[in-house]
Colleague: 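Submitted below is the structure of interest, expressed as structure tokens.
In what follows, chains are A, B, ... by sequence order, proteins preceding strands, each numbered from 1.
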Amino acid sequence: MESARLLDALNPAQRDAVTAPDGHYLVLAGAGSGKTRVLTHRIAFLTEVERVPPWGILAVTFTNKAAAEMRGRIETLLARAVRGMMVGTFHGIAHRLLRQHWREAGLPETFQILDADDQQRLVKRTIQGLGLDESRFPPRQATWYINAAKDEGRRPDACDPGYSPVDRAFVDIYRAYEEACRRGGLVDFAELLLRAHELFLTNAPLLEHYRARFRHVLVDEFQDTNTIQYAWVRLLAGDTARAFIVGDDDQSIYGWRGARVENMQRFLADFPGAVTLKLEQNYRSTGHILKAANAIIQRNGGRLGKSLWTDAGDGAPIELFAAHNAEEEARFVVERIRAVIAEGGARADCAILYRSNAQSRLFEEQLIQHDIPYRVYGGLRFFDRAEIKDALAYLRLVASRHDDAAFERAVNTPARGIGERTLDQVRRRARADQTSLWDAACAELAGDALAARAKSALRGFVDLIEALDAGTRDATLAIRFERAIERSGLKAYYEADSKGLAESRVENLDELINVASRFVLTQEDVDAGLTELTAFLAHAALEAGEAEGEAWEDCVQLMTLHSAKGLEFPQVFLVGLEEGLFPNARSVDEPGRLEEERRLAYVGITRARQRLTISWAEARRIHGQEQLCAPSRFLGELPPEVLIEVRPRAGVSRPAAFGRDATAWLAARGLGRGAPADEALPYRLGQQVRHGILGEGVVLAMEGAGAHLRVQVRFAEHGAKWLVAGYAKLEPV
DNA sequence: CGCCGCAGGCTTTTT
DNA sequence: GCCTGCGGCG
């Protein structure tokens, strides 16, 4: 593609970014401002116009989805496949580097990746191994501590626990856990990044090699980088490459897991002559929605500063609904969704966004009641399922006998008579000999500490793994999985499962074989020295697979605000805007955390393209306790002129006893009073009316007032529909 | 070994 | 209110 055509589709600000000359750039890209477009066009521009070879470009993202999309769009732009360009996630790229340079990184060639669940189990075992009390030192918190340290680049020796006995124990656990990982050849997610950083830090020739190779380093979602990711980019690109980073400090919502918004400011300080470019024109949302988003985010301090605008119109006002309780909120939202569908809208156009997963239930119940297909994001992903992880554990042992996490999982699943006592003996032996569980098991088989029965059970397991390895070494991946699932007894075990889950579990195992049969090794995998099995196992750990549910089916989308980042929907329902829930009670005391909640609100609002409906409930059950709720402070931060209050039933005033603050708040904005009970409403509930096209029906509900008055009518032939009274011209019958 | 019952926890989760 | 994980029992 020639450069003119490449730039045609861009606005001036985007074009400036795409064609920016020599130097470092921070592209401050507001929500819906065409960030991915800029990144992909920039890469195409570098390739086509500046003639940078593909292997001179490194493009880093956070999610596999983003990486895949970026690669796809670059290839579309260039109308050819790009070979040798490194496009991937931080973790994927770190993994690749470690595979290629495992010796320099101090890892065994067959190292395996621990996912979050594996890691937690191993930490737990480590705590037990140290003889520590799990209730005093909960594995969850210990894992948290370890990951936080790694995200900051700290090894155990660099941890300063101060005088806190708990923190001291955590450092001990961290140290022991590291040792367990070393024995088992195991690398957790944080470790991938830390090792990749250390690899460059301690290996000058290697660093020079990659510095010479990557002339351009592009990073997406820079506001989400943690300390170690920043350090890695700085080390690799700071002095020799041209860095092009894209991000939005206003959408930084992962501070709680180590992301550092400050990295954007640090970039400007650390990368000499770095220039900030802003993308502020929004192509997604209506003017009213952007006005609300801007008003909210303006309350935050220390922003790099930008303001979204659009040349599209204001659009519909943002609707605000105060429900008496959470059930009513759910009924209302689903009612509105039915109206959207009735008017010919797609279910998939509607998204319900909430602060915490527990909120999904009430909406699901309503959706089920009305037979509306829906999809909840963020459920168990394919490779996270127990039966899949069981099967993978066998193959992990085939690939690496020392993988203790896999050993623990597979050894007695399904039960084969290897009890806790036997296992404890093996674990003690492993600790004493500083070896893997596998080696310890083999040693125990040769010794005489175990009873004959235990020995024969353990022998059976060891022989099984050896047989799976030797017997299928030249077979296809699918056959290797099939054999493992069959011979381990997993298949029979899950077939016999009585809890009604049997069928789906067996189906999942079959699907695993399918996935394995479709898996193809890429050239990059081969270059990094990966075998088919190793590559597949890494793929399973790093790309946990799509969450449940068919994305292509037309269903209502339910997800947390965090999951919604990066997505957009024509109709967004932002629910549960209550103090304590959103902003979350745990975040309101610290200004920094409150600002992150506010950014979450900003993210939520900017997901909406055409219509945004915000709701809150005056009462809801939290942890089983009915609680009265005050409206979220974020509601008070919305500009009144873009809001319209929607009422459950026109003319019926809400009991004043609830929502004191809500009533006061709404009243102060002239929103709370709504229409007095019978202020010139043109229709009555239950009234018979006629519509020019839809025919005769009965008025079910009304909301809004004046020009915004909407009327819900159940038509004899077309069912219930919401109509704007001003347009619909309903005639009384 | 496996099932059942109860206690305790519970914000968000790209990899 | 709901899910997990542990401990006791058969």
Colleague: Check whether any side-chain N or O of A/Asn357 sits under 4.0 Å from OP1 or OP2 of C/dC2, and answer yes or no.
Modeller: no
Colleague: So, are A/Lys389 and A/Asp118 salt-bridged, with charged N and O less than 4.0 Å apart?
Modeller: yes
Colleague: So, is A/Asn147 close to the B/dT15 phosphate, meaning a side-chain N or O under 4.0 Å from OP1 or OP2?
Modeller: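 For B/dT15, neither OP1 nor OP2 has a side-chain N or O of A/Asn147 closer than 4.0 Å.
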Colleague: Does A/Tyr254 reach a base, just sugar-phosphate, or nothing at all? Heavy atoms under 4.0 Å.
Modeller: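 Counting heavy atoms under 4.0 Å across all strands, the contact made by A/Tyr254 includes a base.
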Colleague: State plainly whether the residues A/Glu69 and A/Arg73 are in salt-bridge range, i.e. N to O under 4.0 Å.
Modeller: yes
Colleague: If only side-chain N and O atoms of A/Arg586 are considered, is one of them under 4.0 Å from the OP1 or OP2 phosphate oxygen of B/dT11?
Modeller: yes
Colleague: Answer yes or no: are there more than 12 heavy-atom neighbours, outside A/Arg140 itself, under 6.0 Å from its atom CZ?
Modeller: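 Count not over threshold, so no.
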Colleague: Give a yes or no on whether A/Glu420 atom CD has more than 12 heavy-atom contacts from other residues, nucleotides or ligands under 6.0 Å away.
Modeller: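 Counting neighbours around CD of A/Glu420, more than 12 heavy atoms of other residues, nucleotides or ligands fall under 6.0 Å, so yes.
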Colleague: Have a look at A/Thr61 and say if it touches a base, only the backbone sugar-phosphate, or nothing, with a 4.0 Å heavy-atom cut-off.
Modeller: nothing
Colleague: Closest to the A/His623 side chain: B/dT14, B/dC1, C/dG1?
Modeller: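 Output: C/dG1.
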Colleague: I'd like the P distance from B/dT13 over to C/dT4, given in whole Å.
Modeller: 16 Å
Colleague: From the options C/dG1, B/dT13, B/dT11, select the nucleotide whose nearest atom is closest to the side chain of A/Ser356.
Modeller: B/dT11
Colleague: Is the A/His562 ring parallel, tilted or perpendicular to the A/Tyr254 ring (thresholds 30°, 60°)?
Modeller: tilted
Colleague: Could you say whether the aromatic ring of A/Trp256 and the base of B/dT12 stack, counting only centre distances under 5.5 Å and plane angles under 30°?
Modeller: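 Yes, A/Trp256 stacks on the base of B/dT12.
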Colleague: Students often get this wrong, so: under 4.0 angstrom with heavy atoms, is A/Asp224 touching a base, only sugar-phosphate, or nothing?
Modeller: base
Colleague: Between A/Ser563 and B/dT13, is there a contact of a side-chain N or O with OP1 or OP2 at under 4.0 Å?
Modeller: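 Yes, such a contact exists.
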Colleague: Can a side chain N or O of A/Asn64 be found less than 4.0 Å away from OP1 or OP2 on B/dT15?
Modeller: yes
Colleague: Within the 4.0 Å heavy-atom criterion, would you say A/Gly419 contacts the bases, only the backbone, or no part of the nucleic acid?
Modeller: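 Sugar-phosphate, backbone atoms only, no base.
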Colleague: Go through C/dC2, B/dT11, B/dT14 for me and flag the one nearest to the A/Phe62 side chain.
Modeller: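 The answer is B/dT14, which lies nearest to the side chain.
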Colleague: Rounded to the Å, how far apart are A/Arg421 CZ and B/dC1 C1'?
Modeller: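 Taking CZ of A/Arg421 and C1' of B/dC1, I get 15 Å after rounding.
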Colleague: When the nearest nucleotide of DNA chain B is assigned to A/Thr560 and to A/Gly417 on a heavy-atom basis, which residue is associated with the more 5' position?
Modeller: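 Its nearest nucleotide lies further toward 5', so the answer is A/Gly417.
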Colleague: Given B/dC1, B/dT14, C/dC2, which nucleotide is nearest the side-chain atoms of A/Arg257?
Modeller: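 The closest nucleotide is B/dT14.
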Colleague: Check every strand shown and say whether A/Arg593 touches a base, only sugar-phosphate, or nothing at a heavy-atom separation below 4.0 Å.
Modeller: base
Colleague: On DNA chain B, check which nucleotide each of A/Ala116 and A/Arg416 is closest to and give me the residue with the more 5' one.
Modeller: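 Its nucleotide being nearer the 5' end, the pick is A/Arg416.
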